[in-house]
Amino acid sequence: MHHTPESMSALRLVGDELADTTVETLFERGEVGRFNTLMRFFSTAGQELPEGLPEVAHEYLRATAAPPAWVDWDEMERARLFFIDNNVHISTALAFSAMPACYVIPHVARLLSATHGLEYPSRRMAETGQFTVYLMRPDAFEAGSRFVPAVQKVRLLHASIRYHMRREGLWDEEALGTPICQEDMIGGLMIFSIQVLDALHRLGVHMSAEGAAAYFYAWRVVGEMLGITPGQAPATLEEARLFSDLYMTRYMGPSEEGARLTRQLIDLYEDVVPGTLLDPVVAALIRYLVGDTCADWLQVPRSVWDTAVRTSPALLGVLEGIEDRSPLGAWALDRLGHLTTHLELSSLTRGRVMHYAVPERLREEYGLTSTASRADRWVPPPPAFPC
């Protein structure tokens with residue numbers, strides 16, 4: 001679907017009726033605490049729902065248990081193979097590009113700051129990494145998988161943030177529309193899909209057009225399961241480019257919350273990097289991937305590493321060349337990528353399974369107590385607007 005500024009403005013007035021009604025009912029009946037406690041025991045698809053779960057939660061979980069009827073499972077398998085082939089690169093793009101891109105939208109940064117997760121940036125990163133790994137498993141939509149329950153819980157988490165922001169009058173709905181509205185949900189989808197592909201291209205990762213399209217397709221499926229109205233999300237990478245560019249140019253800019261979130265993100269990554277010598281590489285890589293203008297808005301520090309990091313596509317190109325020419329090299333690098341991703345996620349989760357719960361309150365400061373050919377390389381669609 002091709003969107004215009006007018007159609008996107010209309011999306012700002014729409015939330016997620018099913019999830020919103022479920023959360024409002026849980027709060028009205030005082031059932032949130034019991035719901036969160038029992039949902040910790042519901043973690044796999046096809047599992048019997050916990051005894052004593054509120055009826056409204058039963059209805060919601062039954063209504064959202066299946067993926068959209070239009071899913072092409074062959075395309076989903078191509079997406080999974082694309083992820084296996086590029087998992088360490090995708091993890092890098094999510095961490096160093098997608099997360100800061102969220103923070104460069106001031107009203108999104110304020111929303112993220114309004115959750116308890118602000119003080120625990122590792123938790124948000126762990127939840128995002130775990131969510132992506134669940135999605136790309138071969139049994140993601142089968143009985144026994146953890147992905148579908150994770151999607152159902154994240155959708156309710158978003159609805160609960162809408163509930164709190166409205167109930168406490170912390171959101172200028174007249175100026176900004178609905179909290180976590182349809183436009184912001186689709187905007188987030190663009191950040192985690194086409195903008196991640198943009199980051200891979202900027203890093204010099206070799207991608208097939210087929211693999212890039214499949215990766216985007218998988219996120220379209222996820223978007224609808226997370227509450228995006230059917231038919232509203234861009235259907236192709238070209239439509240995604242238009243929406244992504246329109247969305248970012250409408251809203252991106254500096255904010256106190258965005259700078260603070262970015263500083264905490266940099267501190268988190270620096271803690272993961274052994275020693276201190278390479279700490280400046282973290283900020284340099286973020287600056288390289290989001291660009292100087294956004295990096296300055298987010299107050300990403302400059303260093304001598306800024307120039308060095310710009311050579312990373314050339315270094316990565318050497319490894320990509322080995323992978324392209326040698327099946328053994330491709331296997332070895334895939335295993336190395338898998339191991340690296342596993343270690344990154346383990347360091348963030350510390351071996352725990354992350355749980356997605358409905359928050360009962362927000363922060364006090366806001367007033368509350370592939371098998372495809374690699375020769376045909378994907379190139380991002382051109383910018384929707386001239387620079």
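The chain is numbered in sequence order, starting from 1.
Here the side chains of Val151 and Tyr134 are not in contact, with every heavy-atom distance at 4.5 Å or above. The closest side-chain heavy-atom distance from Cys181 to Leu11 is not below 4.5 Å. Counting heavy atoms from C-beta outward, Asp172 and His107 have side chains that stay 4.5 Å or more apart. Side-chain contact between Val300 and Val290 is absent, with no heavy atoms from C-beta onward closer than 4.5 Å. Taking 4.5 Å as the limit, some side-chain heavy atom of Phe243 sits within range of a side-chain heavy atom of Glu183. Here the side chains of Val56 and Phe35 are not in contact, with every heavy-atom distance at 4.5 Å or above.
Arg62 and Glu55 are joined by a salt bridge, as a carboxylate oxygen and a charged side-chain nitrogen come within less than 4.0 angstrom of each other. Between Arg263 and Glu270 there is a salt bridge, since at least one side-chain N of the basic residue sits less than 4.0 Å from a carboxylate O of the acidic one. Look at Arg241 and Asp245 and you find a salt bridge, because one of the NZ, NE, NH1 or NH2 atoms lies within 4.0 Å of a carboxylate O, short of that distance. A salt bridge is defined here as a Lys NZ or Arg NE, NH1 or NH2 lying under 4.0 Å from an Asp or Glu carboxylate O, and Arg310 with Asp306 fails to meet this definition. Salt bridge annotation for Arg78-Asp85: absent, with no cationic side-chain nitrogen under 4.0 angstrom from a carboxylate oxygen.
The two atoms that bring Leu200 and Ala93 nearest to each other are CD2-CB, 4.0 Å, heavy atoms only. When every heavy atom of Ile186 is checked against every heavy atom of Pro234, the shortest pair comes out as CG2-CD, 3.7 Å. Contact record, Ala95 with Pro100: O-CD, 3.7 Å, taken as the closest heavy-atom pair. Closest approach of Gly144 and Thr44 over heavy atoms only: O-CG2, 3.5 Å. In plain terms, the two heavy atoms of Gly227 and Gln182 that are nearest each other are O-NE2, 3.0 Å. Val71 and Pro67 make their closest contact through CG2-CB, 4.1 Å (heavy atoms, listed as atom of the first residue, atom of the second, distance).
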Full working for side-chain contact (heavy atoms from CB on, under 4.5 Å) between Ser113 and Tyr103: CA-CA 10 Å; Ser113 297; Tyr103 303 159; over 6 Å; no
Intermediate values then yes/no, side-chain contact (heavy atoms from CB on, under 4.5 Å), Phe141 and Met76: CA-CA 10 Å; Phe141 297 92; Met76 292 298 286; 3.5 Å; yes
ring-ring contact (aromatic ring centres under 6.0 Å, His included) assessment of Phe83 paired with Tyr215: CA-CA 8 Å; Phe83 179 79; Tyr215 178 79; 7.6 Å; no
Step-by-step side-chain contact (heavy atoms from CB on, under 4.5 Å) determination, Arg287 to Asp296: CA-CA 8 Å; Arg287 177 171 289 278; Asp296 288 343; 3.0 Å; yes
Derivation and outcome, side-chain hydrogen bond (donor to acceptor under 3.5 Å, both in side chains), residues Asp184 and Tyr247: CA-CA 8 Å; Asp184 286 337; Tyr247 180 75; 2.7 Å; yes
Steps toward side-chain contact (heavy atoms from CB on, under 4.5 Å) verdict (Leu94, Met99): CA-CA 6 Å; Leu94 286 171; Met99 294 295 286; 5.8 Å; no
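In this structure, the separation between CD on Glu75 and CZ on Phe216 is 11.0 Å, given to the nearest 0.5 Å. Distance OH/Tyr60 to OG1/Thr25: 13.0 Å, rounded to 0.5 Å. The distance from the CG atom of Leu18 to the CD atom of Glu59 is 9.5 Å, given to the nearest 0.5 Å. In this structure, NE2 in His158 is found 8.5 Å from CE in Met185, a value given to the nearest 0.5 Å. Separating the CG atom in Leu156 from the OG1 atom in Thr64 is a distance of 7.5 Å, to the nearest 0.5 Å. With values rounded to the nearest 0.5 angstrom, Thr262 atom OG1 is found 9.5 Å from Gln264 atom CD.
Side chain of His3 to main chain of Leu242: no donor-acceptor pair is present (N/O by atom type, distance under 3.5 Å, no hydrogens or angles). With Gln152 contributing its side chain and Leu61 its backbone, the two residues share a donor-acceptor pair below 3.5 Å. Judged by distance alone, with hydrogens and angles left aside, the side-chain atoms of Arg110 form no donor-acceptor pair with the main-chain N or O of Glu257 at under 3.5 Å. A donor-acceptor pair under 3.5 Å links the side-chain atoms of Gln47 to the main chain of Phe41, judged by distance alone.
Taking the ring centre of Phe147 as origin, the terminal cationic atom of Arg137 falls outside the region bounded by 6.0 Å and 45° from the ring axis. Remark: Arg220 is positioned above the aromatic ring of Trp70, its terminal NZ or CZ atom under 6.0 angstrom from the ring centre and at most 45 degrees off the axis. For the pair Arg12 and Tyr251, the cation sits on the ring face: its NZ or CZ lies under 6.0 Å from the ring centre, inside 45° of the axis.
Note: the hydrophobic cluster containing Leu26 also contains Leu49 (ILVMFWY, side chain heavy atoms under 4.5 Å, direct or indirect links). Follow the hydrophobic side-chain contacts under 4.5 Å out from Val14 and you never reach Met165; the two are in separate clusters.
Dense packing is recorded around CD of Glu173, with more than 12 heavy atoms of other residues, nucleotides or ligands lying under 6.0 Å away.
The distance between the ring centers of Tyr288 and Phe96 does not fall below 6.0 angstrom.
Side-chain contact check for Gln195 and Ser244: at least one donor-acceptor pair (N or O, by modelled atom type) lies under 3.5 Å.
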